[in-house]
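Below: one structure, written as structure tokens.
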Amino acid sequence: MLLGIDHLVIAVHSPEAAAELLERDLGLAVTGGGRHEAMGTYNRLAFLGDTYIELIGVFDAGLVRSSRVFAVGNASLAHLEGHGEGLATYALATDDVAGDVARLRAAGSPIAEPVAGQRVRPDGEAVRWVTAFPALGPERAPFLIEHELAGAEWGPEARAARDGYRHPGGGRVRLATLEVPVADAAVAGREYGTVLGIAFSEGWRVAIGAQQVVLREGVGTPVVDLRGEPGTEPLELERFGVRWRRIPATGDRPA
């Protein structure tokens, strides 16, 4: 079952420099990350509950190109070489990637079979997941991911700590909406339906878990809406080819 947006893959020239800007300008603490040693990429992560922003860079383009199964690395490298920094793709979280893929493929989806992946944290611990990829790109349907719920990033204690974590610029921040610019919303919407069985409502908007994805027809940058706690100072700025909007929530928690 699809649970919501798992993470945004933001291709950047330097994850360390991008992390500093994210913390300084948007008030988001960047607390995780590591290296895909055999695949040529490395990242820094900013967690928003169980959703996160992945700032991914390339340390060996040759390794990326030779790792054809690592679709995220190839999509990120292609974006950096063709467009510069920006949203290369994004992932939807599922609690049953094998079951979801079996159902989708039986219905005619071109999504590939699940494949296991991992990266090594600076402390030496391996973080593991299983993904399933369609063809990736900033205008294309996202991929699916199921995390191994164990260890220092995805174990019960880590997830509980993230749920209450307070970022400097917004407290308990959550990703609320991802707005993706596309050349033709009808074409993009049909691809989402064919690949992932997702049906958009009027205005090319769909709820996935507690979050919203919007297809915006026309040229422009992706827009990410972040909900902070009540009283959070509103903020709008563009960094890494993405327009970020930080908005205070109503009630006692971010939406």
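Reckoned from all heavy atoms, side chains included, excluding hydrogens, waters and symmetry mates. FYI, the numbering just counts along the sequence from 1.
Between His7 and Phe143, a ring centre-to-centre spacing shorter than 6.0 Å is recorded. Note: Trp129 and His147 fail the aromatic proximity criterion, with ring centroids not under 6.0 Å apart.
The two residues Ala88 and Ala75 come nearest to each other via the heavy atoms CB-O, 3.9 Å. The two residues Ala188 and Glu139 come nearest to each other via the heavy atoms CB-O, 4.2 Å. Across all their heavy atoms, Ala46 and Leu22 have their closest contact at CB-CD2, 3.9 Å. What you find for Ala29 and His167 is that their closest heavy atoms are N-ND1, 2.9 Å. In this structure, Pro142 and Pro134 approach most closely via the heavy-atom pair O-CG, 3.4 Å. Contact detail for Ser76 and Ala11: the closest heavy-atom pair is O-CB, 3.7 Å.
To the nearest 0.5 Å, the span separating CZ on Arg103 from OG on Ser109 amounts to 12.5 Å. For the atom pair CZ (Arg159) and CG (Leu149), the distance works out to 5.0 Å, reported to the nearest 0.5 Å. For the atom pair CZ (Arg205) and CD (Gln212), the distance works out to 5.0 Å, reported to the nearest 0.5 Å. Between atom CZ of residue Arg227 and atom CD of residue Gln211 there is a gap of 11.5 Å, rounded to the nearest 0.5 Å. A distance of 4.5 Å separates CD1 of Ile208 from CG of Leu92, quoted to the nearest 0.5 Å. The CZ atom of Arg35 sits 12.5 Å away from atom CZ of Arg119, with the distance rounded to the nearest 0.5 Å.
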Between Phe70 and His36, is the ring pair (Phe, Tyr, Trp, His ring centres under 6.0 Å) condition met? List the steps. CA-CA 10 Å; Phe70 188 38; His36 309 101; 5.1 Å; yes
Begin from the C-alpha positions of Val58 and Leu63 and carry the test side chain to side chain contact (heavy atoms under 4.5 Å, CB included) through to its verdict. CA-CA 9 Å; Val58 174; Leu63 272 179; over 6 Å; no
Go through the steps to decide whether Thr89 and Arg140 satisfy the test side chain to side chain contact (heavy atoms under 4.5 Å, CB included), and finish with yes or no. CA-CA 8 Å; Thr89 182; Arg140 309 201 70 164; over 6 Å; no
Stepwise, does the side chain to side chain contact (heavy atoms under 4.5 Å, CB included) test hold for Ile198 with Val213? CA-CA 11 Å; Ile198 291 173; Val213 174; over 6 Å; no
How far apart are the C-alpha atoms of Arg105 and Glu113, what are their side-chain angles, what is the distance that settles it, and do they pass the side chain to side chain contact (heavy atoms under 4.5 Å, CB included) test? CA-CA 9 Å; Arg105 287 174 64 87; Glu113 294 287 353; 3.1 Å; yes
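Side-chain contact of Thr131 with Glu146: a donor-acceptor pair under 3.5 Å is absent, judged by distance alone.
Of the possible donor and acceptor atoms, none in the side chain of Thr232 sits under 3.5 Å from a partner among the backbone N and O of Pro248. Panel note: side chain Asp100, backbone Met1; a donor-acceptor pair is recorded below 3.5 Å. Under the 3.5 Å distance criterion, the side-chain polar atoms of Arg44 are matched with a main-chain donor or acceptor of Val30. Using a distance-only test at 3.5 Å, with no hydrogens or angles considered, a donor-acceptor pair links the side chain of Glu217 to the main chain of Ala185. Within the 3.5 Å criterion, the main-chain N or O of Gly169 finds a donor-acceptor partner in the side chain of Arg246. Side chain of Glu153 to backbone of Val127: no donor-acceptor contact under 3.5 angstrom is found. In this structure, the side chain of His79 engages the main chain of Gly84 through a donor-acceptor pair within 3.5 Å. With Arg174 contributing its side chain and Gly228 its backbone, the two residues share no donor-acceptor pair below 3.5 Å.
The side-chain hydrogen bond (donor to acceptor under 3.5 Å, both in side chains) contacts involving residues 177-190 comprise Glu179-Arg216, where partners must be two or more places apart or lie in separate chains.
Using a 4.0 Å cut-off between charged nitrogen and carboxylate oxygen, Glu81 and Arg65 count as a salt-bridge pair.
Between Leu77 and Val64, the closest side-chain pair of non-hydrogen atoms falls below 4.5 Å. In this structure the side chain of Leu175 reaches within 4.5 angstrom of the side chain of Leu8, judged on heavy atoms. Asp95 has its side chain within reach of Leu3: a pair of non-hydrogen atoms, C-beta onward, lies under 4.5 Å apart. Between Leu87 and Ile10 there is a side-chain heavy-atom pair separated by less than 4.5 Å. By the 4.5 Å heavy-atom criterion applied to side chains, Val219 and Pro181 are not counted as neighbours. Contact check for Leu26 versus Arg239: no side-chain heavy atoms found under the 4.5 Å cut-off. Proximity of Asn43 to Pro15: side-chain heavy atoms (C-beta onward) are nowhere separated by under 4.5 Å. Using a 4.5 Å cut-off on side-chain heavy atoms (C-beta onward), Leu178 and Asp225 make no contact.
Cluster annotation: Val180 and Val242 are assigned to the same hydrophobic cluster (Ile/Leu/Val/Met/Phe/Trp/Tyr, side-chain heavy-atom contacts under 4.5 Å, transitive). Residues Tyr90 and Val72 fall into different hydrophobic clusters, defined by Ile, Leu, Val, Met, Phe, Trp and Tyr side chains chained together at heavy-atom separations under 4.5 Å. Hydrophobic cluster membership is shared by Leu237 and Leu21, with clusters built from Ile, Leu, Val, Met, Phe, Trp and Tyr side chains linked at under 4.5 angstrom. In the hydrophobic cluster analysis, where Ile, Leu, Val, Met, Phe, Trp and Tyr join through side-chain heavy atoms closer than 4.5 angstrom, Ile53 is grouped apart from Leu80. Leu45 and Phe240 are assigned to two separate hydrophobic clusters, defined by single-linkage of ILVMFWY side chains at heavy-atom distances under 4.5 Å.
Of the options Thr51, Asp50, Thr31, a side-chain hydrogen bond (donor to acceptor under 3.5 Å, both in side chains) to Arg162 is made by Asp50 and by none of the others.
Between Tyr192 and Phe200, the angle of the ring planes goes over 60°, which puts this pair in the perpendicular group of the 30/60° scheme.
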